[in-house]
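Worksheet for the structure shown next.
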Amino acid sequence: LGLVSFGLQLIPALSQWTDHYSLTLSMKYSLAELYLVIGEFQTCLDTCSEIVGQTTTLDDRMEACSIQADCVCSMNQMERWASLITDVMKEIGIHVPRKVGKLRVIKSIMRVKRLLRGRSDDDILTMPMLSESRWLSALEMLVSMIGVSVFLQDDDGFAYYAMIILEISLRYGVSAHTCVGLAAYA
């Protein structure tokens, strides 16, 4: 923590984000993660807010949003967590309802069934790897949502988020997170 803070002090404050964007972004991410690990949650959230306010691309904002989500989850503020995740997913282009019911689960399973129709196991195993960062970020957030669903004993949320993972994977490519959707589907 001290070394990263010292490193940031070496960059003139007025030009951190303008002249040294990549370095500042990297160091601020490190600071936010360190604050999260040591339990300084408010400082972590403040750092993430600064990152979100200064970044110019969705990709750059996603890491800060992910850290924010982990932070509010650690603070056991599940309503705030759900709101944050919903907003981030909306920015990515995925509608995630705050309340998942059985009808949504059934519809998501039917969409996945249609996407799987005619595909063999080999077809799925040889699919291209997902490379678009916004979808990778979405999958990371969805895996996080599954974890919270399990913690809250929300079976509908668990099934729905797993099917969304599988749907994204079948449309855009597989990743390490695809196994979560496949395991839930099985």
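In what follows, residues are counted from 1 in the order of the sequence shown. Hydrogens, waters and symmetry mates are skipped; everything else that's a heavy atom, side chains included, is used. Quantities reported herein were computed from a predicted structural model and do not represent experimental measurements.
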Checklist line | Any donor-acceptor pair under 3.5 Å from S120 side chain to D123 backbone | finding: yes
Next item on the list: Evaluate the side-chain contact (heavy atoms from CB on, under 4.5 Å) criterion for residues Y160 and M145: first the C-alpha distance (whole Å), next the side-chain angles of each, then the deciding distance (0.1 Å), finally the verdict.
Entry: CA-CA 10 Å; Y160 180 76; M145 294 169 82; over 6 Å; no
Next item on the list: Can you see which heavy atom on V148 is nearest to which on C73, and at what distance?
Entry: CG2-SG, 3.8 Å
Check: With no hydrogens and no angle check, do the side chains of D46 and Y35 hold a donor and an acceptor under 3.5 Å apart?
Finding: no
Check: Any side-chain heavy atom of I165 sitting closer than 4.5 Å to one from I146?
Finding: yes
Notebook entry, point to check: Taking the side chain as C-beta and beyond, is there a heavy-atom pair between S169 and L130 under 4.5 Å?
Noted result: no
Notebook entry, point to check: What distance do L136 atom CG and M129 atom CE have between them, rounded to the nearest 0.5 Å?
Noted result: 8.0 Å
Item checked: Polar side-chain atom of S26 near backbone of L23 as donor-acceptor pair, under 3.5 Å -> no
Next item on the list: Look only at the side chain of S144 and the backbone of E140, and say whether a donor-acceptor pair between them is shorter than 3.5 Å.
Entry: no
Check: Given W135 and I94, is the side-chain contact (heavy atoms from CB on, under 4.5 Å) satisfied, shown in steps?
Finding: CA-CA 10 Å; W135 294 119; I94 300 172; 3.4 Å; yes
Next item on the list: Give a yes or no answer on whether the side chain of S108 reaches the backbone of V105 with a donor-acceptor pair at less than 3.5 Å.
Entry: yes
Next item on the list: Applying side-chain contact (heavy atoms from CB on, under 4.5 Å), run through T24 and Q54 and close with a yes or a no.
Entry: CA-CA 10 Å; T24 301; Q54 294 291 334; over 6 Å; no
Next item on the list: Spell out, yes or no, whether I106 and I164 are grouped together once hydrophobic residues are joined by side-chain heavy atoms under 4.5 Å, including indirect joins.
Entry: no
Note to self: Using a 6.0 Å cut-off, check whether atom CD of Q42 has over 12 heavy atoms from anything other than its own residue.
What the structure shows: yes
Note to self: Using side-chain heavy atoms (C-beta onward) and a distance below 4.5 Å, is I67 in contact with T47?
What the structure shows: no
Notebook entry, point to check: In terms of heavy-atom contacts, does CG of L3 have more than 12 from other residues, nucleotides or ligands at under 6.0 Å?
Noted result: no
Check: Hey, does E33 have a side-chain heavy atom less than 4.5 Å from the side chain of E63?
Finding: yes
Note to self: Would a single hydrophobic cluster contain both L34 and I38, if residues Ile, Leu, Val, Met, Phe, Trp and Tyr are joined by side-chain heavy-atom contacts under 4.5 Å?
What the structure shows: yes
Item checked: L25 CG to D60 CG distance, which is reported to the nearest 0.5 Å -> 5.0 Å
Checklist line | F41 versus C71, closest heavy-atom pair with distance | finding: O-SG, 3.4 Å
Checklist line | Value rounded to 0.5 Å, distance of CD in E167 from CG in L116 | finding: 10.5 Å
Next item on the list: Evaluate the side-chain proximity of D156 to R104: yes if any heavy-atom separation is below 4.5 Å, no if none is.
Entry: no
Check: Are F6 and Y29 connected in the hydrophobic side-chain network, where two residues link if heavy atoms are under 4.5 Å apart?
Finding: no
Check: Considering all heavy atoms of both residues, which atom of L142 and which atom of M89 are nearest to each other, and what is their separation?
Finding: CG-CE, 3.6 Å
Margin query: Quick one, T55 and Y21 - any side-chain contact, counting heavy atoms below 4.5 Å?
Written below: yes
Note to self: If you count heavy atoms of other groups shown closer than 6.0 angstrom to CE of M78, is the number above 12?
What the structure shows: yes
Next item on the list: Mark yes when over 12 heavy atoms from residues, nucleotides or ligands other than D121 sit less than 6.0 Å from its CG; otherwise mark no.
Entry: no
Margin query: If I take atom CD1 from residue I124 and atom CG from residue L170, how far apart are they, to the nearest 0.5 angstrom?
Written below: 6.0 Å
Check: If you round to the nearest 0.5 Å, how far is CG of L36 from CG of D70?
Finding: 6.0 Å
Check: Is there a side-chain contact (heavy atoms from CB on, under 4.5 Å) between R61 and I51 once you walk through the steps?
Finding: CA-CA 7 Å; R61 277 193 301 280; I51 294 169; over 6 Å; no
Notebook entry, point to check: CD of E91 to OG of S137: how many Å apart, nearest 0.5 Å?
Noted result: 10.5 Å
Notebook entry, point to check: Any side-chain heavy atom of L45 sitting closer than 4.5 Å to one from R80?
Noted result: yes
Next item on the list: Mind listing the closest non-hydrogen atom pair of L58 and I92 along with its distance?
Entry: CD2-CA, 4.3 Å
Note to self: Can you give me the closest heavy-atom contact between Y161 and S149, atom names plus distance?
What the structure shows: CE1-OG, 3.3 Å
Check: Closest approach of I168 and A138, non-hydrogen atoms and distance?
Finding: CD1-CB, 4.5 Å
Next item on the list: Consider only side-chain heavy atoms of I, L, V, M, F, W and Y, link residues closer than 4.5 Å, and tell whether V52 and M141 are in one cluster.
Entry: no
Margin query: Would you say F151 ends up clustered with V143 if hydrophobic residues are merged whenever their side chains have heavy atoms under 4.5 Å apart, either directly or through other cluster members?
Written below: yes
